[in-house]
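Comments concern the structure below.
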There are 2 protein chains.
Amino acid sequence: MRKNAVEQLSEYLAGQGLRSTTQRDQILQVFISAGRHLSAEELYLRVKKPHPGIGYATVYRTLKLLAEAGLADERRFEDGFTRYEYKASDDHHDHLICTKCGAIIEFENERIEALQQDVARKNHFLVQNHKLELYGLCGNCQKNR
Amino acid sequence: MRKNAVEQLSEYLAGQGLRSTTQRDQILQVFISAGRHLSAEELYLRVKKPHPGIGYATVYRTLKLLAEAGLADERRFEDGFTRYEYKASDDHHDHLICTKCGAIIEFENERIEALQQDVARKNHFLVQNHKLELYGLCGNCQKNR
DNA sequence: ATTGATATTGAAAACCATTTTCAATACATA
DNA sequence: TATGTATTGAAAATGGTTTTCAATATCAAT
């Protein structure tokens, strides 16, 4: 876990006139130490164990907050619910998603990113954000089909 | 409208042991003649005018059917609902989406697609499908900000 | 420290796009 | 033309997410 993630949240909150709370800090810590691509419910279940008092709604609210604060990325794959992942300051990555077993593999590719910028430029478009997902079969699922 | 879209649907239905119905044909025709990236509700409203008897659920059901039949692509952008677009046999394209005015610009880029295949290959992954969306500001919205 | 204003919380209810249910109807095969 | 069943429309249900609301906690000012 990044040393100052909790601080980073505090700063964001202070800057917005919002308040630091123990729940927010606790949720953030569990979020960071948990695996990637968690849904709100998955995080809720993990948070419940060490902090049984925390409610469902607070987890939802905190995840949105973390996204606003730049500490999390919000992603909607095709499985019906929103997943969040902890966002290190500068890494951007995309996803390979197995349609059979649900495995999610991350990748980065600068050349693709560069070509995206070309496309945007040609269309007088200013990119703030992007999303690239390749759906298909992972190595394992190709064998065991 | 492609000459034989209705036929194409009929063939799919027959092949699956399903039935052709006037509603399905009517919805398909409105779907094709309407603009792209329609939500179920938007299509429902357009279908209502010439065919007031058709119900909401039937539009939903037919859109899923068209997707299964290969006549439509189902896409979830970040605005909360599923959008469909008529799928010509072989074109694949991706999207630039304006976060301010909601405009959707389509583009194709073979070099990006080729690089995607490279990434997949390196990860022993077999791509069935992909999705690339660039979110940002369109030319107009950059000016009028 | 104490107070006061108000942001936040947990639980339950509300939301809302989408799906399902169900009785009535329409399609396709014999 | 009759028969079995897929399909329909309307309404209810579903399910992830958001909102409501009274109780509580935070923080700035005292």
Side-chain angles (χ1 to χ4, degrees), chain A residues 6-7 9-28 30-31 37-69 72 74-84 102, chain B residues 6-7 9-28 30-31 37-69 72 74-84 102:
Chain A
V6 174
E7 284 167 39
L9 178 58
S10 293
E11 279 165 29
Y12 173 79
L13 292 171
Q16 300 289 312
L18 302 174
R19 294 175 181 172
S20 288
T21 67
T22 56
Q23 288 93 330
R24 284 172 177 168
D25 289 348
Q26 290 169 342
I27 291 170
L28 173 56
V30 174
F31 176 61
H37 312 113
L38 262 71
S39 67
E41 178 167 24
E42 286 164 353
L43 181 55
Y44 171 69
L45 293 175
R46 284 181 188 252
V47 166
K48 264 273 144 145
K49 288 179 207 161
H51 312 295
I54 290 184
Y56 217 88
T58 302
V59 172
Y60 269 95
R61 288 187 281 230
T62 302
L63 281 171
K64 303 218 84 164
L65 194 65
L66 294 178
E68 287 162 23
E74 207 176 8
R75 302 191 95 101
R76 272 174 265 280
F77 301 122
E78 311 267 279
D79 66 348
F81 36 116
T82 307
R83 295 185 173 280
Y84 293 83
Chain B
V6 174
E7 284 167 39
L9 178 58
S10 293
E11 280 165 28
Y12 173 77
L13 292 171
Q16 300 290 312
L18 303 174
R19 294 174 179 171
S20 288
T21 67
T22 55
Q23 288 94 329
R24 284 173 177 167
D25 288 350
Q26 290 169 342
I27 291 171
L28 173 55
V30 173
F31 176 60
H37 313 113
L38 263 70
S39 67
E41 178 167 23
E42 286 164 354
L43 180 56
Y44 171 70
L45 293 174
R46 284 181 188 253
V47 166
K48 264 269 144 145
K49 290 180 205 160
H51 311 296
I54 291 184
Y56 217 86
T58 303
V59 172
Y60 268 95
R61 287 187 280 231
T62 302
L63 280 171
K64 303 218 85 165
L65 193 65
L66 294 178
E68 285 161 25
E74 207 176 9
R75 302 191 95 100
R76 274 174 263 279
F77 300 122
E78 310 266 280
D79 66 350
F81 35 115
T82 306
R83 296 184 172 280
Y84 293 85

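We name chains A, B, ... by the order of the sequence lines, and we start the count at 1 in each one. Below, each value reflects all heavy atoms present in this structure, side chains not excepted, and no hydrogens, waters or symmetry copies.
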Could you walk me through whether A/E41 and A/Y56 pass the side chain to side chain contact (heavy atoms under 4.5 Å, CB included) check?
-> CA-CA 8 Å; A/E41 178 167 24; A/Y56 217 88; 3.4 Å; yes
I would like to know whether B/D25 and B/L9 meet side chain to side chain contact (heavy atoms under 4.5 Å, CB included); could you show each step before the answer?
-> CA-CA 8 Å; B/D25 288 350; B/L9 178 58; 4.2 Å; yes
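- The CG atom of A/L43 sits 16 Å away from the P atom of D/dG16 (whole-angstrom rounding).
- Side-chain contact between B/L66 and B/Y84: absent, with no pair of heavy atoms (C-beta onward) separated by less than 4.5 Å.
- Among the atoms of the strands shown, none is found under 4.0 Å from any heavy atom of B/S39.
- Taking atom CZ on A/R76 and atom C1' on C/dA17, their separation rounds to 13 Å, with Å as the unit.
- Atoms OH (A/Y44) and C1' (C/dA12) sit 13 Å apart, rounded to a whole Å.
- The minimum heavy-atom distance between B/V30 and B/P50, with the atom names listed, is CG2-CG, 4.4 Å.
- A close approach under 4.0 Å does occur between a side-chain nitrogen or oxygen of B/R24 and OP1 or OP2 of D/dT8.
- A donor-acceptor pair is defined here as one N or O able to donate and one able to accept, closer than 3.5 Å; such a pair exists between the side chain of B/R24 and the backbone of B/R19.
- The distance from atom CG of A/L45 to atom P of D/dG16 is 12 Å, rounded to the nearest whole Å.
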Sub-3.5 Å pairs of nitrogen or oxygen atoms, protein against nucleotides 25-28 of chain C:
| residue | atom | partner | partner atom | Å |
| --- | --- | --- | --- | --- |
| C/dC27 | O3' | B/S20 | O | 3.3 |
| C/dC27 | O2 | B/R19 | NH1 | 3.0 |
| C/dA28 | OP1 | B/S20 | N | 3.3 |

Output, in order, the C-alpha distance, side-chain angles, deciding distance and verdict of side chain to side chain donor-acceptor pair (under 3.5 Å) for A/Y44 and A/K48.
-> CA-CA 6 Å; A/Y44 171 69; A/K48 264 273 144 145; 3.0 Å; yes
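- Remark: C1' of C/dA17 and CG of B/L38 are 16 Å apart, rounded to the nearest angstrom.
- Considering all non-hydrogen atoms of both residues, B/H37 and B/R83 come closest at O-NH1, 2.7 Å.
- Sorted by residue number, the members of residues 55-66 of chain B with any non-hydrogen atom under 4.0 Å from DNA chain C read B/Y56, B/A57, B/Y60, B/R61, B/K64.
- Nearest heavy-atom pair, B/L65 versus B/L13, reported as atom, atom and distance to 0.1 Å: CD2-CD2, 3.7 Å.
- Regarding A/Q26, its CD atom lies at a distance of 16 Å from the P atom of C/dT8, rounded to whole Å.
- The OH-C1' distance, from B/Y84 to C/dT18, rounds to 9 Å in whole Å.
- Between the CG atom of A/L13 and the C1' atom of D/dC27 there is a distance of 13 Å, rounded to whole Å.
- Closest approach of B/L43 to B/L63, counting heavy atoms only: CD2-CD2, 3.6 Å.
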